[in-house]
Amino acid sequence: MNMYYEVSCYSCKVVFKVYEGSLAYKQFKERKTKMFTCDDCQHRIRLEAINNFFR
């Protein structure tokens, strides 16, 4: 049985599961106050940061 936490994305408020063995699981377990993003929002934020860097 896989251990997981249900975490909500701070950007789009979607609840997603963070499974044991992933980096997000380790981060959540160490610091429960950290804000997390889903994969879609994380990708969008990263692309926006790259675009803003080259402006």
Side-chain angles (χ1 to χ4, degrees):
M1 176 182 252
N2 289 338
M3 297 283 297
Y4 66 89
Y5 289 108
E6 288 188 356
V7 182
S8 62
C9 174
Y10 76 88
S11 181
C12 66
K13 307 298 184 219
V14 171
V15 176
F16 62 98
K17 294 180 181 177
V18 177
Y19 288 97
E20 184 177 17
S22 67
L23 178 62
Y25 182 89
K26 182 179 176 185
Q27 290 173 343
F28 183 78
K29 200 166 181 176
E30 290 174 358
R31 293 181 51 198
K32 295 186 184 210
T33 59
K34 183 175 169 91
M35 296 186 296
F36 290 93
T37 57
C38 61
D39 291 335
D40 294 334
C41 291
Q42 186 175 11
H43 182 69
R44 181 181 47 81
I45 292 169
R46 183 171 182 258
L47 287 177
E48 287 177 8
I50 290 170
N51 286 336
N52 288 335
F53 178 75
F54 288 114
R55 286 186 184 173

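Computation of the quantities below employed the complete heavy-atom set of this structure, encompassing side-chain atoms and omitting hydrogens, waters and symmetry-equivalent molecules.
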Problem set entry | Atom of Cys9, atom of Thr37 and distance for their closest heavy-atom approach | SG-CA, 3.7 Å
Exercise. If you take all heavy atoms of Cys12 and Cys41, which pair is closest and at what distance?
Worked result: SG-SG, 3.6 Å
Spacing of [X] atom [atom1] and [Y] atom [atom2] [to the nearest 0.5 Å]:
X: His43; Y: Glu48; atom1: NE2; atom2: CD; result: 10.5 Å
X: Arg46; Y: Asn51; atom1: CZ; atom2: CG; result: 11.0 Å
X: Ile45; Y: Ile50; atom1: CD1; atom2: CD1; result: 12.5 Å

Exercise. Can the ring centres of Tyr10 and Phe36 be said to be less than 6.0 Å apart?
Worked result: no
Problem set entry | Arg44 CZ: over 12 foreign heavy atoms closer than 6.0 Å | yes
For this session: Verify the neighbour count for atom CG of Asp39: are there more than 12 heavy atoms of other residues, nucleotides or ligands below 6.0 Å?
Result: no
Exercise. According to a 4.5 Å side-chain heavy-atom criterion applied to Ile, Leu, Val, Met, Phe, Trp and Tyr, with indirect links allowed, do Met3 and Val7 form part of one hydrophobic cluster?
Worked result: yes
Exercise. Going through the checks in order, is the ring pair (Phe, Tyr, Trp, His ring centres under 6.0 Å) test met by Tyr25 and Tyr5?
Worked result: CA-CA 7 Å; Tyr25 182 89; Tyr5 289 108; 5.2 Å; yes
